[in-house]
Amino acid sequence: MAAPPLKLFNSPCTSVCRIDPHTGWCEGCQRTIAEIKAWKTASETERRAILDRLPARKVEKACITDL
């Protein structure tokens, strides 16, 4: 049996799975519920797009937390 195809981008999940009610992002990985649900079947291009959004969300979250 052939091995499954290697995924280029692994999940950013940190096992801290709580959705912030103010941002709608997971407190661990900063993905939305829709992004989390889509991850398993997302193409590598879609995964890259999700991952590219996360750094800005982390910065935004830090700015909100500092208020």
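The chain is numbered in sequence order, starting from 1.
- Judged as a side-chain contact (heavy atoms from CB on, under 4.5 Å), and not counting sequence neighbours, the contacts of Cys13 are Ser11, Ser15, Cys17, Arg31.
- Judged as a side-chain contact (heavy atoms from CB on, under 4.5 Å), and not counting sequence neighbours, the contacts of Arg57 are Trp25, Gln30, Thr32, Glu35, Arg53, Leu54.
- Partners of Glu27 under the salt bridge (charged side-chain N to carboxylate O under 4.0 Å, His left out) rule, at least two apart in sequence or in another chain, are Arg18.
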Open item on the list: One pair to check against side-chain contact (heavy atoms from CB on, under 4.5 Å): Cys26 and Val16. What are the steps and the verdict?
Closed with: CA-CA 8 Å; Cys26 172; Val16 177; 5.7 Å; no
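- Closest approach of Asn10 to Trp39, counting heavy atoms only: O-CZ2, 3.3 Å.
- Rounded to the nearest 0.5 angstrom, Glu46 CD and Glu44 CD are separated by 9.5 Å.
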